[in-house]
Amino acid sequence: EEEEEEEEEEKEEKNGEENYDEGLTELESHFLSSSSSSNTNVPNIRPGIIHRLDVETSGVMIVALNKDTLKNMQLEFRERRVGKWYLTLVEGNCVSNGRLSNYISRDPKERRRFRVTPENGVKDEKKKGKHAVSEYEPLGYCKNRNVSLVRVRIMTGRTHQIRVHMKHVGHPVVGDEMYGGRKRKGWGERVMLHCRRMEVVWKGEKLGWTAEMEDD
């Protein structure tokens, strides 16, 4: 069972590369139909999702419109050459900047959940997890709702990384009940995490994509 879980985590680190030739997602289907209708001279376009966001996370998604671009862009992700910035609402008054560099592993009490691996609590290196690096900066605090707006930059792309790291520093993401956040009726009913911007140097040119905040 542990070997199967390790294999599953390795697949996640490939940012979906193994899913290229499988069924199209709803987003891929949208790009496929729009590309085909707008350019009849480019047949058999089959796009691919380059990276992943958690189910309730909003924001930037990068989609490749051909297989070569997909392969090369996924390499940029694996080599940590992509800039990734998120905005999140977290519980409490987050007053200072911080940088986290530690290991994230599955929670032995709940296999769907992840945790920061205790420094002295794991003797088996295989169970230590994956190295994860995040930097966070508070942008504002709403006293009435007791939540802070925080900008987070991640240098790695581990499963649930921001959610785990913000819980670790005592400020879980609003709406993230899995990691200690509370849902708010009317405005915080999902995990309040938004991929604000991504940047990459592509063929010598710096490219960037920004997504506006959702209404909620």
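Index from 1, following the sequence. Side chains included, hydrogens not; waters and symmetry mates left out as well; all remaining heavy atoms used.
The line from CG of L149 to NE2 of H194 is 11.0 Å long, rounded to the nearest 0.5 Å. Atom CG of N146 is separated from atom CZ of R182 by 8.0 Å, given to the nearest 0.5 angstrom. Distance check: N66 CG to K71 NZ gives 12.5 Å after rounding to the nearest 0.5 Å. To the nearest 0.5 Å, atom CZ of residue R52 and atom OG1 of residue T159 are 8.0 Å apart. Distance check: L89 CG to D176 CG gives 12.5 Å after rounding to the nearest 0.5 Å.
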Task: Trace of the side-chain contact (heavy atoms from CB on, under 4.5 Å) decision for L53 with Y86 - done: CA-CA 11 Å; L53 297 177; Y86 288 73; 3.5 Å; yes
Task: Intermediate values then yes/no, side-chain contact (heavy atoms from CB on, under 4.5 Å), K84 and F77 - done: CA-CA 10 Å; K84 295 172 279 189; F77 273 82; 4.2 Å; yes
Open item on the list: side-chain contact (heavy atoms from CB on, under 4.5 Å), that's the test. Do E135 and V152 meet it? Break it down for me.
Closed with: CA-CA 6 Å; E135 295 178 348; V152 184; over 6 Å; no
Task: Audit row: V150, L87, side-chain contact (heavy atoms from CB on, under 4.5 Å) steps and yes/no - done: CA-CA 6 Å; V150 177; L87 291 175; over 6 Å; no
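The heavy-atom pair separating M192 from T88 by the smallest distance is O-OG1, 2.9 Å. For the pair C195 and A211, the tightest heavy-atom approach, listed with the atom from each and the gap, is O-CB, 3.9 Å. The two atoms that bring I154 and I162 nearest to each other are CG2-CG1, 3.6 Å, heavy atoms only. What you find for T117 and I104 is that their closest heavy atoms are OG1-C, 3.9 Å. The heavy-atom pair separating T57 from L193 by the smallest distance is CG2-O, 3.3 Å. Residues I62 and M198 come closest through the heavy atom pair CD1-SD, 3.7 Å.
T69 and N72 are not linked by any side-chain donor-acceptor pair at a separation below 3.5 angstrom, with hydrogens and angles left out of the test. Side-chain polar atoms of S58 and R190 form a donor-acceptor pair below 3.5 angstrom. No side-chain donor-acceptor contact under 3.5 Å links Y136 and H171.
Here E137 does not pair with R153 in a salt bridge; the nearest charged N to carboxylate O distance is not below 4.0 Å. For the pair D107 and R115, the salt-bridge criterion is not met [side-chain N within less than 4.0 Å of a carboxylate O]. Under 4.0 Å is where a charged nitrogen must lie from a carboxylate oxygen, and between R78 and E76 no such pair does. Using a 4.0 Å cut-off between charged nitrogen and carboxylate oxygen, E110 and R112 count as a salt-bridge pair. Electrostatic pairing of K206 and E199 counts as a salt bridge here, judged by a charged N lying under 4.0 Å from a carboxylate O. Between R184 and E91 a salt bridge is recorded (basic side-chain N to carboxylate O distance below 4.0 Å). Using a 4.0 Å cut-off between charged nitrogen and carboxylate oxygen, E189 and K183 do not count as a salt-bridge pair.
Within 6.0 Å of the NZ atom in K167, the count of heavy atoms belonging to other residues, nucleotides or ligands does not exceed 12.
Inter-residue side-chain proximity for R81 and V201 is flagged as unmet; no heavy-atom pair is nearer than 4.5 Å. Inter-residue side-chain proximity for T210 and V60 is flagged as unmet; no heavy-atom pair is nearer than 4.5 Å. No side-chain heavy atom of V90 sits less than 4.5 Å from a side-chain heavy atom of P172. Looking at V164 and R158, their side chains never come closer than 4.5 Å, going by heavy atoms from C-beta outward. Side chains of H51 and Q74 form no contact here, defined as non-hydrogen atoms less than 4.5 Å apart.
The closest donor-acceptor contact from the side chain of Y179 to the backbone of F114 lies under 3.5 Å. Remark: side-chain polar atoms of S148 are paired, donor with acceptor, to backbone N or O of C94 under 3.5 angstrom. In this structure, the side chain of S134 does not engage the main chain of L100 through any donor-acceptor pair within 3.5 Å.
Checking H131, H168, H165 one by one against Y103, the ring-ring contact (aromatic ring centres under 6.0 Å, His included) holds for a single residue, H131.
The side-chain tip of R145 points at the ring of W187 from less than 6.0 angstrom away and within 45° of straight on.
Under a hydrophobic-cluster definition in which Ile, Leu, Val, Met, Phe, Trp and Tyr are linked whenever side-chain heavy atoms come within less than 4.5 Å, directly or via other members, I50 and L75 are assigned to different clusters.
Other members of the hydrophobic cluster containing V133, listed by chain and number, are M155; membership follows side-chain contacts under 4.5 Å among ILVMFWY residues, whether direct or relayed.
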